[in-house]
Amino acid sequence: MREPEIVEREKIANALGGAKAVDQFTFERYIQKSIVGVEAKDALLRFCPQSDNVFIFGPVGVGKSHLATAAARRCKGAIVRNPMQIYRSSRKAGGWSDDESAIQSFINMPVLVINDLDLCTEKTLNTCCEIIKGRDMAGKGGLIITSILTLESLAAKLG
């Protein structure tokens with residue numbers, strides 16, 4: 001690869017969560033492992049980032065992250081992060097005013113994948129909830145959330 005191609009690949013890998021996402025996480029490379037995968041794949045193939053928000057849940061290993069990342073790859077300005085990465089990004093900004101602008105940047109992103117929302121801790125919960133509510137109040141599409149828990153179980157866990 002030439003230097004500009006390497007830089008572009010690294011930029012894409014950073015946005016999508018790593019080299020594995022760039023090399024393997026496509027719809028074409030997805031191997032269906034359950035009915036969850038069929039429904040999720042159908043929903044994400046139809047995903048319109050301007051209007052749609054998608055919540056995918058199912059057991060470990062069925063390909064939720066793979067499919068969510070494959071959908072993100074098709075969208076300009078997409079980013080894939082887990083709750084701790086989102087929390088650290090907002091804290092890295094430092095100070096309350098910068099924290100606010102970091103959260104606002106997640107709210108305004110064209111496409112945000114929150115991977116493994118069930119891994120939220122007390123520390124990360126408020127940040128993720130603020131971003132999700134902010135996107136909702138702005139009437140924004142482009143949010144994909146993955147979890148091993150159903151919405152009901154997630155609500156119970158997170159209070």
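Worth knowing before you read on, the calculation uses all heavy atoms, side chains too, and leaves out hydrogens, waters and symmetry mates. Residues take their numbers from the sequence shown, with the count starting at 1.
- The hydrophobic cluster containing Val54 does not contain Leu151, counting ILVMFWY residues as joined when their side-chain heavy atoms lie under 4.5 angstrom apart, directly or transitively.
- Under the 3.5 Å distance criterion, the side-chain polar atoms of Asp116 are left unmatched by any main-chain donor or acceptor of Leu119.
- Considering CD of Gln50 and NZ of Lys140, their distance stands at 9.0 Å, rounded to 0.5 Å.
- One distance of note links OG1 of Thr69 with CZ of Phe27; it measures 9.5 Å at 0.5 Å rounding.
- Within the 4.5 Å cutoff, side-chain heavy atoms of Pro49 are placed close to those of Cys75.
- Here the closest non-hydrogen pair linking Ser90 and Ala102 is CA-CB, 3.7 Å.
- Within 6.0 Å of the NZ atom in Lys157, the count of heavy atoms belonging to other residues, nucleotides or ligands exceeds 12.
- By the 4.5 Å heavy-atom criterion applied to side chains, Leu117 and Leu154 are counted as neighbours.
- Atom-to-atom distance recorded for Leu143:CG and Ile131:CD1 is 9.5 Å, nearest 0.5 angstrom.
- Residue Gly142 comes nearest to Phe47 through the heavy atom pair CA-CZ, 3.6 Å, listed as atom of the first residue, atom of the second, then distance.
- Residues Leu67 and Ile12 share a hydrophobic cluster, clusters being chains of Ile/Leu/Val/Met/Phe/Trp/Tyr side chains in contact below 4.5 Å.
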Task: Stepwise side chain to side chain donor-acceptor pair (under 3.5 Å) check, Thr124 with Thr127 - done: CA-CA 6 Å; Thr124 61; Thr127 303; over 6 Å; no
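- Between Phe25 and His66, the two ring planes are tilted [angle within 30° to 60°].
- A pairwise comparison of heavy atoms in Val22 and Arg73 identifies O-NH1, 2.7 Å as the closest pair.
- A donor-acceptor pair under 3.5 Å links the side-chain atoms of Asn108 to the main chain of Gln104, judged by distance alone.
- No single ILVMFWY cluster, assembled from side-chain heavy atoms under 4.5 Å apart, contains both Val80 and Phe55.
- No side-chain heavy atom of Arg9 sits less than 4.5 Å from a side-chain heavy atom of Ile6.
- When every heavy atom of Glu130 is checked against every heavy atom of Ile107, the shortest pair comes out as O-CD1, 4.1 Å.
- Side-chain contact between Asn82 and Ile114 is absent, with no heavy atoms from C-beta onward closer than 4.5 Å.
- Arg74 places no side-chain N or O within 3.5 Å of a backbone atom of Ala70 that could act as its donor or acceptor partner.
- Using a distance-only test at 3.5 Å, with no hydrogens or angles considered, no donor-acceptor pair links the side chain of Arg46 to the main chain of Lys41.
- When side chains are defined from C-beta on, Ile148 counts as touching Lys64, because their heavy atoms get closer than 4.5 Å.
- Linking ILVMFWY side-chain heavy atoms closer than 4.5 Å, directly or via other members, places Tyr30 and Ile56 in a single hydrophobic cluster.
- Looking only at side-chain heavy atoms (C-beta outward), Phe57 and Thr146 stay at 4.5 Å or farther from each other.
- Under a 3.5 Å cut-off, the side chain of Ser89 and the backbone N or O of Gln85 do form a donor-acceptor pair.
- For the atom pair Cys128 SG and Ile103 CD1, the distance stands at 9.5 Å (nearest 0.5 Å).
- Within the 4.5 Å cutoff, the side chain of Ile79 has no heavy atoms near those of the Val111 side chain.
- Between Ile144 and Asn53, every side-chain heavy-atom pair lies at or beyond the 4.5 Å cut-off.
- Of the possible donor and acceptor atoms, none in the side chain of Arg81 sits under 3.5 Å from a partner among the backbone N and O of Asn115.
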